[in-house]
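Below is one structure, written out as structure tokens; the observations come after it.
No hydrogens, no waters, no symmetry mates; every other heavy atom, side chains included, goes into these values. Each chain gets a letter, A, B and so on, in the order its sequence line appears, and its residues count up from 1. Here the structure is a predicted model, which is why all the values come from computation and not from measurement.
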Protein chains: 2
Amino acid sequence: MTGVRPTSPLDRVAGAHDAAVLAVARRGDPVSRADVAQALQVTPQAVSKILGRLMDRGLVAEAGTIVSGPGKPTTLYRIVPSSRRAIGLHLTRSRVHGVVVDLTGEILERRELETGHLQPVPELIATLAAEARELAVVGPGELLGAGLGMPGPVDWTEGVYRGSSEPDPWRGTPIRHLLAEELGLPVLLDHDSRAALVGETWSEPGLLRNTALVLVEDGLGASLCLDGVIVRGAHSHAGEAGHTVVRMGGTPCSCGRFGCAQAEYQAALDDGDAELAAQVLATVVLNLVRLVDVDRVVLGGRTVYAHHARSMEAIRRALTQSLQAEPWIHVEVMLSTRGTDLIAVGAACEVLTHEYGLPQALVGPE
Amino acid sequence: MTGVRPTSPLDRVAGAHDAAVLAVARRGDPVSRADVAQALQVTPQAVSKILGRLMDRGLVAEAGTIVSGPGKPTTLYRIVPSSRRAIGLHLTRSRVHGVVVDLTGEILERRELETGHLQPVPELIATLAAEARELAVVGPGELLGAGLGMPGPVDWTEGVYRGSSEPDPWRGTPIRHLLAEELGLPVLLDHDSRAALVGETWSEPGLLRNTALVLVEDGLGASLCLDGVIVRGAHSHAGEAGHTVVRMGGTPCSCGRFGCAQAEYQAALDDGDAELAAQVLATVVLNLVRLVDVDRVVLGGRTVYAHHARSMEAIRRALTQSLQAEPWIHVEVMLSTRGTDLIAVGAACEVLTHEYGLPQALVGPE
DNA sequence: CAGGATAAGCAAACGCTGTTGCGTTACGTC
DNA sequence: GACGTAACGCAACAGCGTTTGCTTATCCTG
């Protein structure tokens, strides 16, 4: 495999433009050649070529014309949602939640399975594969692959579940490889909060350029999208905001430290102090705003729904209070629209992003 | 200015490759055509063309040959440090520190000026311009521009000092514009901790892909480089780690919140508890590791030098203790080699990076 | 109901990128 | 001095977006 150079730099130019046009088209409304040219900063003529390529691949189709004054009517183009599909799986210790989505990230079918107990690895892979196979038969369009989102330290690059310190039967398992082999499909493995954010950015292209997604499931996570790029970090462990200390010397946490956000949040809930729990969340969010200057915060996860009105209120209040001296800063706080499908959909969108998302860099390594 | 498209996508390909070759060359040792081809994943022939372009611009020169067995000897190339220069200024409330650096970021000349008091804006601009002009005459090479690093909220995009909540004569000043006008040179304005990190990444190309720089001057800041990109955020306010809460309900901070890292750090120092201060720093660092998974931490800033042995020890201890369950994670903690020139050099490197650094994205807006 | 103005889109030629194929150069070895 | 080897240069090439000029389709005017 030495010296393999699968794509030339010119392919990368075309590929990046293809992805960019797809991102514009994904916003929903049909677009004109001129719209795209404006958005990509290229000539209308170039857009014709790009759209031609995408139409050849069946990703885009013409969508009628509109007349707007004199001159030839504008041709409109739209994305073809049914041209591609991806499977998304959300794995927790007691449940497997699966979806198939189309090219725009809309759900075609949903499945939920209670496993009840922690399955050993071979059984786990079999369960995941069975779920995926059930979902694979739904809907038209080319099936691109499957994404899997799960909590805990997960290595996206290697596709390995690293696991926590406590005894853990899944620790160190190369889940991506095993499942890909079993399914005969490309598989991507990612941390649940990052998968969720990938899903949100896929659905709202261009909007969430500097966004934090705070996920409250069994644990507490927060993933970041900065300048349009999902942050994964050096060992692809980014997102463990739950193990960020917000009260030095506070509640002991399972990780061995004291005053982790996750421990404080859980302790507050156990005390029945939902207000304090919301304040912990607000602190985490405000810390993110100060540290990396996000202007959008998305809340999601099973646990957060029970308290979401209070949580959002607390976060908004903390933000306006702390930012009153900086009126030019506005931070939008919103609840994910995906509900409990958030992570499964996100995992599916990992595949879509991998295939049709904007490439990160132009030049190769370095 | 509507519809201006100064660079075509092909220019951007060439530009990105030029920058990448320059980054490789900046590492110091002369490089061969084959080395570069390997690093950039392009053909040796393409490297010849790229090097040709760079040699035409005087940025690179041949540096002899080496024989390694039979065949034609390998031609070596090296960067020409003296071909370009940039000015860097570090502004604080009581001091202006300035440098001129060459293309590799090495200092050609250094100046230090105590202003003693907070100058009104016109006087400030005059002082900065005078310093810059003194530095501008030193050394050969084309002068590219000047960079200015300063504490507090700074808008890199607009070139405006936003200022804090307290009465501040500089608040809202478009410093970049004013200084550029006065000097007749391009000027870049950035937050001190981000400027410092730009400097570090310029000096160590490729090494600091996921790095946090913790800067302890009058305040406390931490800037991030993730996947090789400096994080500036939605309003380019990223880096205010000092106003990140590490002890909810703790020491009141000037920003109105309680338990900000900066307030806790200062309170510990005021109590003469250097150990606790170091622990606050360690907490900030560990939070960064958990949140964005950096694998390198650079310490810098005037204040940190007084306690750097203890600080680094505390940080290293906290890291090994917290990460013992995850042996695959290694976080390198180091002290900046730039000493008190850190920010001034960084500000100069902002200009170098702007001109010859790797571009962020291939396609235009979106 | 023609004719002109206007706007969108197509086709071909162009400039530029990196790539490919092949010949040249300079070295060590026999 | 002939030969093999490795680095390199030249020329032709493919593919990207750009430019230019023409065609098409609509509205507006007389």
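- Side chain A/Q45 to base D/dG17: no donor-acceptor pair is found below 3.5 Å.
- Put simply, the side chain of A/D295 reaches to within 4.5 Å of the side chain of B/H235, judged on heavy atoms.
- With sequence neighbours left out, A/E350 forms a salt bridge (Lys or Arg N to Asp or Glu O under 4.0 Å) with A/R232.
- For the pair A/L51 CG and D/dG17 C1', the computed distance is 14 Å after rounding to whole Å.
- Both B/E62 and A/V47 sit near DNA chain D, but only B/E62 has its closest nucleotide nearer the 5' end.
- Summarising the geometry, the separation between CG on B/D35 and P on D/dA7 is reported as 10 Å, rounded to the nearest angstrom.
- The side-chain heavy atoms of A/D227 and A/R209, taken from C-beta on, include a pair separated by under 4.5 Å.
- Whole-Å rounding puts the A/K49 NZ to D/dT19 C1' distance at 11 Å.
- B/Q41 has its CD atom 14 Å from the C1' atom of C/dT19, to the nearest Å.
- Taking 4.0 angstrom as the limit, A/R53 places none of its side-chain polar atoms (N or O) nearer than this to OP1 or OP2 of D/dG15.
- Using a 4.5 Å heavy-atom threshold, the side chains of A/I79 and A/P81 count as touching.
- Rounded to whole angstrom, the span from the CG atom of A/D18 across to the C1' atom of D/dG15 amounts to 13 Å.
- Using a 4.5 Å cut-off on side-chain heavy atoms (C-beta onward), B/L226 and B/D293 make no contact.
- At least one side-chain nitrogen or oxygen of B/T43 sits closer than 4.0 Å to the OP1 or OP2 atom of C/dT19.
- Taking the side chain of A/P9 as heavy atoms from C-beta on, and the options D/dC27, D/dT19, C/dT19, the nearest nucleotide is C/dT19.
- Listed in residue order, the members of residues 71-79 of chain A having a heavy atom less than 4.0 Å from DNA chain C are A/G71, A/K72, A/P73, A/T74, A/T75.
- At C/dC10, one or more side-chain N or O atoms of A/S48 fall inside 4.0 Å of OP1 or OP2 (strictly under the cut-off).
- Contact between A/A20 and A/L40 at its shortest, heavy atoms only, is CB-CD2, 3.5 Å.
- The interatomic distance linking A/D11 (CG) with C/dT17 (C1') rounds to 12 Å, in whole Å.
- A close approach under 4.0 Å does occur between a side-chain nitrogen or oxygen of B/H17 and OP1 or OP2 of C/dG18.
- Here B/S32 lies out of heavy-atom contact (under 4.0 Å) with every strand.
- Judged by distance alone, with hydrogens and angles left aside, the side-chain atoms of A/R26 form a donor-acceptor pair with the main-chain N or O of A/W202 at under 3.5 Å.
- Paired regions of DNA chain D, where each region holds three or more successive Watson-Crick or G-U pairs whose two hydrogen-bonding distances fall under 3.5 Å, are C:1-30 with D:1-30.
- Within the cation-pi definition used here (under 6.0 Å to the ring centroid, within 45° of the axis), A/R194 does not qualify as a partner of A/W156.
- In this structure, B/R33 places its CZ atom 11 Å from P of D/dC10, rounding to the nearest Å.
- Within the 4.5 Å cutoff, the side chain of A/L22 has heavy atoms near those of the A/L59 side chain.
- Atom C1' of nucleotide D/dA7 and atom CD1 of B/I66 are separated by 11 Å, given to the nearest angstrom.
- A salt bridge does not link B/D29 with B/R78: every distance from a Lys NZ or Arg NE/NH1/NH2 to an Asp or Glu carboxylate oxygen is 4.0 Å or more.
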